J.: 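Submitted below is the structure of interest, expressed as structure tokens.
Computed from a prediction, not measured in an experiment: that's the story for all the values here. All values below were derived from every heavy atom in this structure, side-chain atoms included, with hydrogens, water molecules and symmetry-related copies excluded.
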Amino acid sequence: MSTIWKVAEDVSRNRVRRHRSTALPRRVVALAAVLSVAAVVPAYASTRDYSGSVAGGGTITLKATFKDGKATKVKITWSDVPTTCDGSEIYSSTTSGTISGPVVHEGAAAPERSFYPKHAGFSGSDIVWGVSGRFNKSYSSAKGFFTWQDIEAEPAQITNPTGIKATCNLVQAGNPVTLQNFAVTAS
């Protein structure tokens with residue numbers, strides 16, 4: 001009887017060993033798959049939102065796209081920033097809009113973490129919206145300058161420019177200015 005039990009015990013041990021030997025590689029393969037996915041995830045882009053205000057009034061938000069821990073692109077949206085126009089140009093008393101552009105990194109002429117998105121107008125006018133700024137080292141905030149200006153010529157002056165129809169600018173304390181400070185912090 002003891003021999004029969006011994007054989008049965010050996011068969012049982014072999015099954016356990018066989019099961020363990022196939023289970024261990026499965027666990028190793030599963031762990032390797034999880035680690036490889038975790039290693040790839042940081043390479044994908046992520047975004048971070050910032051919000052703040054423009055010194056002369058209005059709000060400004062940034063959506064920064066990050067890759068490998070550094071900002072690569074910003075999308076800037078502003079609203080209700082006070083403006084004023086001289087001459088016969090009719091504009092609302094505020095400007096709102098969106099522009100986007102790259103973040104400059106080391107090796108460029110600009111300091112690291114800087115951004116300079118700009119949009120120029122269309123034929124017959126010189127409309128410029130622009131933002132120049134810089135993120136702090138931890139990318140938790142940014143500050144810089146917002147600009148908006150519109151200089152339009154009379155239709156007859158487009159081919160023969162001799163004068164200006166209107167100049168529109170930002171407003172600070174009731175006076176026209178071309179630049180306003182802004183500051184934003186991560187949301």
J.: Can you tell me how far the OH atom of Y116 sits from the CZ atom of R134, to the nearest 0.5 Å?
T.: 8.5 Å

J.: Roughly how far, to the nearest 0.5 Å, is the CZ atom of F135 from the OG atom of S114?
T.: 10.0 Å

J.: Given K70 and E112, is the salt bridge (Lys or Arg N to Asp or Glu O under 4.0 Å) satisfied, shown in steps?
T.: CA-CA 10 Å; K70 293 185 177 184; E112 186 179 11; 3.3 Å; yes

J.: What pair of heavy atoms forms the shortest contact from G57 to P82, and how long is it?
T.: O-CD, 3.4 Å

J.: Answer yes if the side chains of N169 and T178 hold a donor-acceptor pair under 3.5 Å, and no otherwise.
T.: no

J.: Same cluster for V177 and V81 if Ile/Leu/Val/Met/Phe/Trp/Tyr side chains link at under 4.5 Å?
T.: yes

J.: Heavy atoms only: give me the nearest S138-R48 pair and the separation to one decimal.
T.: O-NH1, 3.7 Å

J.: Check the pair T72, V103 against side-chain contact (heavy atoms from CB on, under 4.5 Å), reporting the backbone distance first and the verdict last.
T.: CA-CA 5 Å; T72 58; V103 174; 5.6 Å; no

J.: Measuring from atom OG of S96 to atom CH2 of W148, what distance do you get when rounded to the nearest 0.5 angstrom?
T.: 10.5 Å

J.: With a 4.5 Å limit on heavy-atom distance, are the side chains of L179 and T147 in contact?
T.: yes

J.: With rounding to the nearest 0.5 angstrom, report the CG to NZ distance, D49 to K75.
T.: 10.5 Å

J.: Nearest 0.5 Å, please: how far is CD1 in I76 from CD1 in I99?
T.: 5.0 Å

J.: For side-chain contact (heavy atoms from CB on, under 4.5 Å), just list the numbers for V184 and I60, CA-CA rounded to whole Å, side-chain angles, deciding distance to a tenth of an Å, and then say yes or no.
T.: CA-CA 7 Å; V184 293; I60 190 166; 3.7 Å; yes

J.: Looking at CZ of R113 and NZ of K137, how far apart are the two atoms once the value is rounded to the nearest 0.5 Å?
T.: 6.5 Å

J.: Taking the side chain as C-beta and beyond, is there a heavy-atom pair between W78 and T59 under 4.5 Å?
T.: no

J.: Which of parallel (below 30°), tilted (30 to 60°) and perpendicular (above 60°) describes Y139 and F66?
T.: perpendicular

J.: A side-chain contact here means heavy atoms from C-beta on lying under 4.5 Å apart; do S187 and S51 qualify?
T.: yes

J.: Do L170 and F145 belong together in a cluster built from hydrophobic side chains that touch within less than 4.5 Å?
T.: no

J.: Taking all heavy atoms of A186 and all of Y50, pick out the closest pair and write down the distance.
T.: N-CD2, 3.4 Å

J.: Do T95 and T83 meet the criterion of a side-chain donor-acceptor pair at a distance under 3.5 Å?
T.: no

